[in-house]
Amino acid sequence: GCGPKTTTATTDSTTAEATSSDPAGSDSAGSGTAEVSNMSGTIKINGSSTVAPISDAVREKFIKQYPNVTVNVDGAGTGNGFKDFQKKATDISDASRPIKPGELDACRENGVQFIEIPVAYDGLTIVVHPDNDWVKTMTIEQLKKIFVAGSEAKKWSDVDAAWPAEEINIFAPGTGSGTYDYFREVVADGEGESLRNDMNLNEDDNILVQGVAGNKYSIGFFGVAYYEESKDKLKAVEIVNPEDGTAYLPTTENIASNKYAPFSRPLFIYVSTASLPRAEVATFVDFYLENVSELCEKVGYVRLPEEIIAKGRENLDNEAIGTHFVDAEGNKRSGPLAANFKAENLTK
Amino acid sequence: MSVPKALQKREFRSTDLSVLVERVIVFMLAACALTTVLITVGIIYMLVSESAGFFSSEEVTVKGFLTDTEWTALQSSELENAKFGILPLLSGTLRVTFIAMIIALPLGLITAIYLSEFASKRIRSWLKPTLEIIAGVPTVVLGYFAILVISPSLQLISGGAFATFNATSAGIAVGILCLPMVCSLSEDAMRAVPRSLREGAYGLGCTSFETAVKVVVPAALSGIISAFLLAFSRAIGETMVVALAAGTLPTLTADPTRQAQTMTGFIVEMIKSESEYGTVQYYSLYAVAITLFLITFLMTLVGQIIRRRYQESYQ
Amino acid sequence: MSKVKARAAAKASTPKALAEPDLEYQARNSKRREATSRWFYVLCVGIALLSVLILVVLLVSIGYQGQSRLRPSLLTNAHSELEIEQSGMWPAILGSLAVCGVCALAAMPLGIGTAIFLEEFKPTNKIARMIHGFVQLNISNLAGVPSIVYGLLGLTVFVYMFNVFGQIKVNESNGWEIVGAEHYYQVLSLERGQVVMIPQADPEQRQLTVTEPTVGVDADGNEVSIAIWEPGTPKPTDPEVRKRTVRKGAIGGTITERAWYYFRLPFDKSFLAAGLTLALVILPIIIISSQEALRSVSPSLREASSGLGATTWQTVRNVCLPAALPGVMTGAILAMGRAIGEAAPILVVLGAAVAKGTGPQNMMDTAVTMPVLIFNWSGRQQDEFRELAAAAIIVLLIILLILNSAAIYIRHKMQQH
Amino acid sequence: MMTNDSKQSDDTILDSGRSASTSEGSSVSPVLSDAGKQPKDQTADSRPGSGAAQTLIEIRDFNSWYGDFQAIHSLSLEIPRHQVTAFIGPSGCGKSTLLKWINRMNDIVPGATAKGHMQIRQDEGRADLNILDPSLDVVSLRRRIGIVFQKPNPFPKSIYDNVAFGPRLHMRLTKSEMDELVQWSLQKAAVWEEVKDRLHAPALGLSGGQQQRLCIARAIAVGPEVLLMDEPCSALDPASTLAIEDLIFELRSQYTIVIVTHNMQQASRCSDKTAFFFEGRLIESGDTEKIFTKPENKQTDDYVRGKFG
Amino acid sequence: MMTNDSKQSDDTILDSGRSASTSEGSSVSPVLSDAGKQPKDQTADSRPGSGAAQTLIEIRDFNSWYGDFQAIHSLSLEIPRHQVTAFIGPSGCGKSTLLKWINRMNDIVPGATAKGHMQIRQDEGRADLNILDPSLDVVSLRRRIGIVFQKPNPFPKSIYDNVAFGPRLHMRLTKSEMDELVQWSLQKAAVWEEVKDRLHAPALGLSGGQQQRLCIARAIAVGPEVLLMDEPCSALDPASTLAIEDLIFELRSQYTIVIVTHNMQQASRCSDKTAFFFEGRLIESGDTEKIFTKPENKQTDDYVRGKFG
Ligand SMILES: Nc1ncnc2c1ncn2[C@@H]1O[C@H](COP(=O)(O)OP(=O)(O)OP(=O)(O)O)[C@@H](O)[C@H]1O
Ligand SMILES: Nc1ncnc2c1ncn2[C@@H]1O[C@H](COP(=O)(O)OP(=O)(O)OP(=O)(O)O)[C@@H](O)[C@H]1O
Ligand SMILES: [Mg+2]
Ligand SMILES: [Mg+2]
Ligand SMILES: O=P([O-])([O-])[O-]
């Protein structure tokens, strides 16, 4: 693909022209860099704690150019972010999973319209203790045995008889998190299935790292960024891709190419259309899309393919309202991002 | 010595103004005092009204809340699967508190004896500030101290018998936190024991140990007990240390090597968690808070009763 | 007759214990007891040293982790996701100061007032005494309430205010704005990144479409005339002109310029709400320590003053308060130390966000505080953040040390008098 | 608060003061307000006869309690104007309690209650002022009846501010008037010479005896009529004791003085009348000489001879 | 800690006790250790003559400081055996300070230091015991020299436990021996009749006078030779004062008593010798009668006549 520099430049000129509220785009090349913007205002963002570092990174870069704009980034979790969003308390909602049908309904009821924009990939990493010499790869089925309520693999040997007869210690993010939701969706996808409730849950991923690193018979899962920083203390499990039957590690390439399926998950921002007429919001979202690919890597995530970013920008420019992950009947669409993120799937 | 003009004139200020000022001030001060009552009313109102959202749910019964042995409000996002039995949280709280008290009470008391009976002025003048600094260490810091220093040390010593997050390391950190409090309150109580009693003891040929243990401590007992109770309340209500170091799994056990989510730990997890506001699980935090409030209130009452009962006899 | 009794007593035979004392035992016993006493002394010293040791271990382990990050940038910069090494805690220091300032302003008058009421205006009749006793019990109870419960109270009372003033919404309402807010439409000009501001006349109208030249204001509040550029016609080239020119049909959304004294109900997640919540936490501490300070004022001074015909309040203001002031201040400073290190209620009220580059800009602005920043940093996956957290802890401890030294200094001064 | 309805009684006190001042010259005692006051030229060393002095404070059938404990039982006593009355009796017999009721200091003691009659005779045919009246203006009462305690209790302020404390509360004075008043009070209390060079030094730096005289100066600076003294010398060294006894002797011509003492010799040296209390009861009262030489009561006799107490 | 090296002096004390006890029967006072002790059959009401009594404690050139403040200046005094010595003098003259040095109570006062000689005469030609010896076994010293304070200070325990407190420290007794000892001590202190029915009630429930006698009982329960009393009656009512004075009178036959008092009459009533202190110095000492009737010193005369203090 293109280097980050060129990307920025192109997107800049193409989109700025089209953005309804930015009339000056075509002239940007010649001027503007010298003078600090006099734009002011407050932008409120809440939602996924996974996405929050990305939004925060964007905010950080943004306010260098627009120092009078206040951007509040809160990371109360995807679900709570949408709650605020529905109450019109935020301009932008960060999400580590697509909006759910129920949340969409609530938005409709309150007259909240939004534009859905994927911003990065996260690889949901399943980790074990480095001294764990029996697990190298795992299938979804094996994960089901460990994580789904009712399947009751209390010991490793319950999953595979060759594995030690030691109790499994599970560390997982909190139930409200997008990460938990996503994992449950993938692993406990059956009717009435849910994740078991004797896991050690913690919102603080660092605590999860500590937890898994502290016990030989533990397993846990969280975002790839945390794994990257603790590679010495943890071992990532290769996950067998149900499509091609090969096991992949959550490397950047595997995540970006969706080989690390089904645990490559996209991260989104949802932008309220009511806020877009505000110059500061429009400028910020624009800026977000310009810079996110570069910045998300800095905070440990994987950049999206250029087409998807471009598609998101197009949606923004066209005010293409709605989500791609709920169908007209109000059912959830699942599957890879690229498959769903199409104009024809858009549901208002 | 002629009488000064002021006294010849004898024009004394009318007292009406000062009487009025007095009234206004008393009114304002009473309003301040009333505010403290309002705070309590506010707490009770909030806890009751919010936990109504919990207790009114069909999935929850008061009996179940008090007797069930599982608490999975954070683990189960589906209401049907969630179990709301306060006992595991209570057990976690008690384990941590118990361990904290094992640390804080003897150490605090002995340090207090040292300070009030033995320490020279110079030693007091640096030991007390040292203790005050410990008392002032933010609890977040102590929480990380527990994770980074205490817990690994325990694991090292025990050969790995301790879980990474366990009741003991949190308890020790909470104990460290309470120690200065026990110490300074007990010391106050012991210093309030009149000198004459010490003199009486020494006059009979007591050694300093005997004076301290047989006379001063018994005489200061009500103060010491209320210091203990206060430390107990503090330990029960301590939040950040347990949120960080005690683990997040509610377990109903007496095993101090295992995780122990406490009541406060649960509240903070629930607040931080992305569990949605308004769900029964979310409201359960108010039910836990009300339990916590009742326990600390009980402690206060017991403390007051002890103080009333035993302090009077000794004045 | 007591003489008779005494004589009878003298005649009573001396008990065996005194008549034939077991002197050998006494000798041994006396030595053993002396030894016990000495051992006990050693134990005391040991345990007292243990508490010092704990502090030392704590400081050393933190210092070891944090020393590499103790540099000026820690104090001057803000939290940064992009340049972690350059992250700093300046906004958090400002935030903590602001929150604690609010906390002190709220808790001290209230606490000292309550203490004065309880200590100096002792009622004489029975019912009033019961009320006094009740308030006193209530305060002891408040002192035992966990700070997280205060956090929950602060959330309900200060942040949302029971929703009686409506909710804060981004494009509709800001609750009840009372003072310090000016509303404008912000419209992008032709110059990139530059906007023009048009005062908002109708609070209901949330958007403005600019179709003809109008009058706006610049940053200093001076009026400027705004020109219109019809798409299709040539754009002006002079940057100064472009700055004052907007595209025809451009849309402006409202923004609120907030003065530092901007005041609004409900407080929402603002440092004001956080400060008030912390005030609840330390109020009982301040009351109790002020009561103690007032109690320690010699009653003879009170008697002297009222003997001269001072009213109770005059006595309090002229005699008791000045004499108790060092004690009150010491208590207050120690309470502030507690407040500055308190994380749980702030997490409840403000959340755990640390993305803020400045201290609070107005009374309704959010704030990052030091304990929350430490909490956040030490929970991050990057080692740098954890080292930064340790360094931030050192800074926080130093601030606490300064506060404590102030308290000790004041106490020392007091003892001299 | 017992200050309701205080207007009338307030005026009573104030008028009695003012009417005096208008009719007298500057050499005249400012604190005398009664029509029949003693001749001004009474010399300091004239030991007043123990003849029928005018009664200033009349106590009848007075009882006082601390909570449930009755400290004073049905006590009747008259305190004569412009004389020194000594209260003697063993510890705990209620001397201080009675003294503190005379200027209602017991108002600030929680649980202290009283029943009975305690009145100040007013001049010019005015009705007596009931000290125990709950609606009485105690502020004016205490200005009018000053008190000095056993332990010197200067405020932790400068010497000047100590003396000026009362006047600042009650009067509006110019700087020079205040200076004059402070100097006069300190002179009157026989401590001026010792402190005049350090008026702005802290009062706590004075010796015990100086502090006690400062407290007396502070008490007279508001122009009281009566001075109550609760064992004013018991914490002092012999020299200071002598100084204060001399002072009492001086002040007697202008003030009505009530002094509580444990020292029999002191009582006999400096009082005109003596009242002996025992266990909350007045056992005997009368001219000092009589009490110390031929008391009627056996207990009094035992006490003044040092058999107990 | 001054207990290093205490062996020698420790033994000294104890041996002196043993030699006495072995030579006497049960009716004999166990506390007397000297060869030339007074006849046991001395009747209680015999007022001892003021003749040349044997010296028990000898104080020579004694100085004492609290920090930098010198409380006692070069004081010399002999305290006779089996007599009552009264210390008198105005407040702050150093009476209590001296008293507290005699059984080294000042060890527990931070900053208290002493210089000079203070010795207990030992029997049988033994060398005198140096009270100020830093290596002295103060625990035994204090057992041997009991002290009673101004304010009764019973422990907040039962009456029985108060008296048994000392014996439990120093001796190993059976229950019945302890009972006997407690009863004997309470009888000796003339309080047995009043408390015998409530030995296990809290001591703080007693009246002040009873408490003070209880403290005396507590002090004599460990079998001291000397009893130091620091104003033992000044907080008491007349009846209790009388009871304690009687008691002192009784105890004199078996104990050497030093009493500090403010009450001249008390001193003259119940002491054999009197020492008058002023400003940290011994002004005059001698037979009580002489001090009170024809003192040699003017200050003494002034003081005993109540001219100051
Ligand atoms: N504030 C109080 N509360 C309860 N009881 C009190 C109070 N003040 C004094 N008493 C009691 O009232 C009685 C009389 O006390 P008061 O102080 O009048 O005695 P006194 O004659 O002045 O004694 P002294 O010579 O020791 O000063 C005493 O028994 C005392 O214990
Ligand atoms: N612990 C102490 N620290 C410092 N100075 C003291 C201490 N105890 C007593 N003093 C001082 O030593 C001097 C003598 O005190 P001491 O108690 O011996 O006097 P006293 O004659 O017993 O007086 P009183 O009759 O009041 O008991 C006094 O000036 C006193 O202030
Ligand atoms: Mg999360
Ligand atoms: Mg008195
Ligand atoms: O914070 P989440 O991304 O886990 O919702």
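Keep in mind the model is a prediction, meaning the values are calculated, not measured. To find a chain, count down the sequence lines: A is the first, B the second, and so on, and within it residues start at 1.
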> Should we count CD of B:E59 as having more than 12 external heavy atoms under 6.0 Å?
Replying inline: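 Result for CD/B:E59: enclosed.
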>> Around atom CZ of B:F55, are there more than 12 heavy atoms from other residues, nucleotides or ligands closer than 6.0 Å?
In response: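 Result for CZ/B:F55: enclosed.
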>> Distance check, rounded to the nearest 0.5 Å: B:L249 atom CG versus A:N200 atom CG?
In response: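 CG of A:N200 is found 4.5 Å from CG of B:L249.
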> Atom CG in A:L208, atom OG1 in B:T248: separation rounded to 0.5 Å?
Replying inline: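 Rounded to the nearest 0.5 Å, the CG-OG1 separation comes out at 7.5 Å.
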> With only heavy atoms counted, which part of B:Q259 is less than 4.5 Å from chain A, the side chain, the backbone, both or neither?
Replying inline: side chain
> Under a 4.5 Å heavy-atom cut-off, does chain A meet the side chain of B:Q155, its backbone, both or neither?
Replying inline: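 Answer is side chain: those atoms of B:Q155 sit under 4.5 Å from chain A.
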>> For A:F171, which atoms come within 4.5 Å of any heavy atom of chain B: side chain, backbone, both, or neither?
In response: side chain
> Given that the side chain runs from C-beta out, which part of A:D198 has a heavy atom under 4.5 Å from chain B: side chain, backbone, both or neither?
Replying inline: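 Contact with chain B: backbone only.
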> Which members of residues 229-242 of chain B, sorted by number, sit under 4.5 angstrom from chain A on a heavy-atom basis?
Replying inline: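 Residues in range: none.
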